[in-house]
Amino acid sequence: MVEFCGLRLAHRVINGSGTFDALAARRCFGDELIRSFPFAAFVSKTITLGPREGNPPPRLWETPAGMINSIGLPNRGLAGYLERDLPELMELGVPVITNVMGSTIEEFAELAGALAGEPGVAAIELNVSCPNVRTGLDIGADPRELGALVERVRPVFPRPVIVKLTPNTADVAAAAVAAEAAGADAVSLINTLRAMGIDPRGGRPWLGGRFGGLSGPAIRAVALAQVAAVAGRIEIPIVGMGGVSRGRDAADFLAAGATLVAVGTESFRDPAAGARIARELTEISSQNAG
Amino acid sequence: MVEFCGLRLAHRVINGSGTFDALAARRCFGDELIRSFPFAAFVSKTITLGPREGNPPPRLWETPAGMINSIGLPNRGLAGYLERDLPELMELGVPVITNVMGSTIEEFAELAGALAGEPGVAAIELNVSCPNVRTGLDIGADPRELGALVERVRPVFPRPVIVKLTPNTADVAAAAVAAEAAGADAVSLINTLRAMGIDPRGGRPWLGGRFGGLSGPAIRAVALAQVAAVAGRIEIPIVGMGGVSRGRDAADFLAAGATLVAVGTESFRDPAAGARIARELTEISSQNAG
Amino acid sequence: MIAPFGRRSVGVVERREVGAYVVIVVADPLGVEYAPGPGQFYMLAARAGWGAGDGERPFLPRACSVLDARDGSLSFMLEDIGPGTRRLCELEVGEEIWLTGPLGVGFRAPAGRAVVAAGGIGVAAVFALDRVLERPAVVLGFRDARHAAAASLFRDPGVATDDGSVGHQGLVTELLEAELDGGGEATVYACGPPGMLEAVRSVCARRGVAGQLALESPMACGFGACYGCVVATRDGYRRVCVDGPVFDAALLDAVA
Amino acid sequence: MIAPFGRRSVGVVERREVGAYVVIVVADPLGVEYAPGPGQFYMLAARAGWGAGDGERPFLPRACSVLDARDGSLSFMLEDIGPGTRRLCELEVGEEIWLTGPLGVGFRAPAGRAVVAAGGIGVAAVFALDRVLERPAVVLGFRDARHAAAASLFRDPGVATDDGSVGHQGLVTELLEAELDGGGEATVYACGPPGMLEAVRSVCARRGVAGQLALESPMACGFGACYGCVVATRDGYRRVCVDGPVFDAALLDAVA
Ligand SMILES: Cc1cc2nc3c(=O)[nH]c(=O)nc-3n(C[C@H](O)[C@H](O)[C@H](O)COP(=O)(O)OP(=O)(O)OC[C@H]3O[C@@H](n4cnc5c(N)ncnc54)[C@H](O)[C@@H]3O)c2cc1C
Ligand SMILES: Cc1cc2nc3c(=O)[nH]c(=O)nc-3n(C[C@H](O)[C@H](O)[C@H](O)COP(=O)(O)OP(=O)(O)OC[C@H]3O[C@@H](n4cnc5c(N)ncnc54)[C@H](O)[C@@H]3O)c2cc1C
Ligand SMILES: Cc1cc2nc3c(=O)[nH]c(=O)nc-3n(C[C@H](O)[C@H](O)[C@H](O)COP(=O)(O)O)c2cc1C
Ligand SMILES: Cc1cc2nc3c(=O)[nH]c(=O)nc-3n(C[C@H](O)[C@H](O)[C@H](O)COP(=O)(O)O)c2cc1C
Ligand code: FES
Ligand code: FES
């Protein structure tokens, strides 16, 4: 058992927000998904106040050892999430962490307030870092604004508040310090790096959203550097992610200072990657101990 | 022929600073290097006022589709460069662009002033972006400080001044705008992304310099996004780089708004990569025209 | 119709060429609860040599319709159109691939008689219908004779080719219209390139005939995780991998 | 001793195992002006399957001493110690690899008699000396009999193994000292793991004997471009690829 912000988790591997739709996966894989759920906690995709359709396709671009997505945070909105998704997510048998994003500080507070009354939401994660949407970038890149946001949200939500930092910044540690000072219980990083793919026929941006976010093994070394930089400056726990594909990678993130690791893109290549990585991590840990 | 800041170049492909030691290459490959020199202009590694030994080894870490370097800008210093390197670099038969870095604005000015009197230096490139050295990060990430630097250097050097922007920032376009406003003739990007490798035995940072810079195909999509973001905001030409390995990649950078492309890491895999990429680029251009 | 959770490593037991296409057969000895239905697909990736080197890509697995499933083996038909399908076409017997599936919502039982229309590699998605349905009318379109070789897999197909080298010279939708002119209530099952599917959709719409269209979209995951594979429908964006790949023609304003 | 500019694609014409090691031979029909000297090396990368898939690495080419060069072919001896050397060990006849070289500064002609000492895969770098020098004394050290099989390539080597399964049980430096006790001016040529080279260096220093040590260091480029392969010397950091790989023992305070 692992302790994380007061939550007791079966192991150290969770999913990255927006990279695993447990409800769709259950339709694809049936109840075997529940019986061998790959993550020690489930992080929802980003939920916004109102519903969002997301970006026009194409939404994917493949890169060397990675991919760009320009999904654009499609979701049913807060009401739809609470009514239709949350009850089923609670059947997963692991703590549910709800990732939220507002376009203003007040929207964040409203989202946090609504989730405060839902005991099924074990923690919230504030997405202040999504490179697909203007606001995400702006709030998370400015330590002062980030501090104000976290200060506003902190008293509204009685359980752990995780701040998902933006990687597209000169000084991620300064943002982490601001989040901690404002009362965050943990930080998570990294979100995707702002990136672009060019249509080979015509030289236009390929993605419907023009820019997108790079994820996968390509960004792992950047993620490790950011986790290490943050770990040197704060005391609260860190959820490290970015290109984690194997137990070895997870071990590297723990060595860099993370308490948990999250798996995103690798789940696309291997739906049960979370469980495999947790297993490989245990093997590595026991080798090191032995 | 291609025109770039008043220089007439044989094609659009040059080297990234610090990724091709033409003098060492000439010892390895003899005068064939000169006869088929792969780049349309030669960019020197970063020169500082005094000599530097560089970082302790290990200096390299391999990543998926890329590598991290923590070289630490070893160089003979300005005097050594002028005396021992420049004369031989002028035998390459292409314009020489000297990349410089100071730890203060005055040091930059001193370097620029010394190079002003060297007609063999066709242009200078200001390295305000090297993630291995504190100052590099700081000056380039703050548009105001960057503007002040360029304003100070601009009148000192009578030929083109290129500003090599730092990619480790929230808003690279703001830095480019500041450089242009202060009189830069061109900008170049991207430099390496701050990154880290972890020693599998022991979990310590692998690199002697702890952190290093990520380059190669892994960063290409990030580089394209930054070039596109910058191109939308400035009029001066752009040297685009980051993971260029094939003519297709070079074409993508041109499509994103670059005038020239620079090749770095790919030269390590193929010493003549610059010439190959220039050739492939010509083929792609003529196909598009045809 | 559901899949075992996670990817599994399976061995290639057969590889053959069918004109311009490559058929690979893998051993996948699973129970009937995991038997694929017509129109379902799998995500495939070679275990070795998947990307890097001079080519860099692929990185993600590739979606592939199941051509046939029997005796503990699955077969797939591939067309080399890029780095991922090329690597899959080059698979040799004895190599291992990663496999996830069966995935997606396949074709549903017909109302009235079934008319199957497919173009190019799209024939792979409808091939199982030819075996499962009573006596479907099948019309297939191809570029040329090399591609039309795939028609030999079917029992009694009508064939059209662009260059007239085999069968009717012209569009497969012309054969489809002739078939529908035969009269009676019908359901059209179709898979093929976007232009052909759009033509089929508009034929169905014009005639008020039910249509089931198997769409394609670049995918990252194939199981609803990434939201990357959406297409625009009358109900908004829908994921091809979990809401499709087979969609009711009436749900679509257009196939792009 | 210089290299043609750029990498070239060459075919693997032979592959054989020598105990724990793999020898690959590639066809490289170049003129004598590009003939490698003893101690020089090449940068190698497989054209296909270089990284990605489950393994991700390698990305960069790998440095490899030339074992032998004759009749338009080059041979290399490899030990599988990681993803790059593994892929090179798995090369099959007919595959193509990228090759750049010969590179680096190799061994220089001896003053007095030559004593060659090598450990493990380090024997590859010194093998050419056994053919080029008059009658060198050769002492080789290996882990065990499987690795000591490589001694068979040499004319008349003294052999030491850690486990005593072949030759002297103990360190190759013990054989070296015995050889040097034989007296007379000598030059020691050595290649091997860092611990062994450091022992050789200190033997040379203590006895005032000239030593030429072939060092290793992870490399990105092999031709002086990246400054990544430096080792600390009495003259500061030096690039193994262009200032070495062979260094005068006297230039080194220690081999780390
Ligand atoms: C449900 C379904 C079933 C399918 N069934 C079959 C089948 O049975 N047989 C079959 O052969 N195929 C089938 N396909 C299609 C197959 O999945 C695609 O052809 C395959 O994914 C193409 O991959 P590739 O690497 O070969 O080519 P890619 O180059 O990846 O794909 C070609 C397309 O992607 C674009 N592209 C170019 N570069 C990139 C990049 N870097 N990132 C993203 N896109 C890029 C190209 O412009 C082109 O549009 C099916 C697809 C789906 C969705
Ligand atoms: C001049 C010279 C001549 C040589 N001659 C020969 C020869 O004839 N035959 C031969 O077999 N070998 C030779 N070598 C050694 C050979 O080049 C290396 O063993 C090879 O580069 C290792 O690559 P790899 O991928 O197999 O293993 P790697 O895993 O790349 O290298 C193993 C070392 O790198 C570390 N490492 C692990 N992960 C990484 C990472 N991500 N990035 C960087 N380092 C990492 C490991 O901890 C270990 O120390 C020579 C080397 C040099 C410099
Ligand atoms: C398709 C996709 C969708 C994502 N959606 C979200 C999201 O809704 N909210 C969020 O905070 N992060 C989102 N992310 C970022 C991931 O949670 C994660 O931070 C990032 O992908 C890096 O991890 P990885 O390399 O393991 O994928 C998304 C990433 C991908 C690839
Ligand atoms: C080994 C190495 C050394 C570098 N040294 C310098 C340098 O001295 N000055 C500089 O401005 N950039 C330096 N760079 C950055 C490159 O010029 C280039 O911006 C970066 O590597 C991205 O291009 P690439 O992906 O093609 O390598 C160096 C990069 C590498 C890999
Ligand atoms: S491919 Fe990922 S949601 Fe459909
Ligand atoms: S390996 Fe690049 S300088 Fe030696």
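Every chain is numbered from 1 and lettered A, B, ... according to where its sequence line falls, protein lines coming before strand lines.
Of the residues B:Leu193, B:Thr63, B:Ile68, the one that meets the side-chain contact (heavy atoms from CB on, under 4.5 Å) test with A:Val222 is B:Leu193.
A:Ala256 and B:Ile198 get closest at one heavy-atom pair: CB-CD1, 4.2 Å. Shortest non-hydrogen contact noted between A:Arg220 and B:Pro64 is NH1-CG, 3.9 Å. Contact between B:Phe211 and A:Ala225 at its shortest, heavy atoms only, is CE2-O, 3.4 Å.
Counting heavy-atom pairs closer than 4.5 Å to chain A, the top residue among B:Gly202, B:Ala195, B:Ala255, B:Gly203 is B:Ala195. Listed options B:Ala218, B:Gly197, B:Pro205 were ranked by heavy-atom pairs under 4.5 angstrom with chain A; first place goes to B:Ala218. The candidate with the highest count of non-hydrogen atom pairs below 4.5 Å against chain A, out of B:Pro167, B:Ser245, B:Pro200, is B:Pro200.
For the atom pair B:Ile219 CD1 and A:Ile219 CD1, the distance stands at 13.5 Å (nearest 0.5 Å). Atom CH2 of A:Trp61 is separated from atom CG of B:Leu224 by 9.5 Å, given to the nearest 0.5 angstrom.
For A:Gln226, the side-chain hydrogen bond (donor to acceptor under 3.5 Å, both in side chains) criterion is met by no residue, not counting sequence neighbours.
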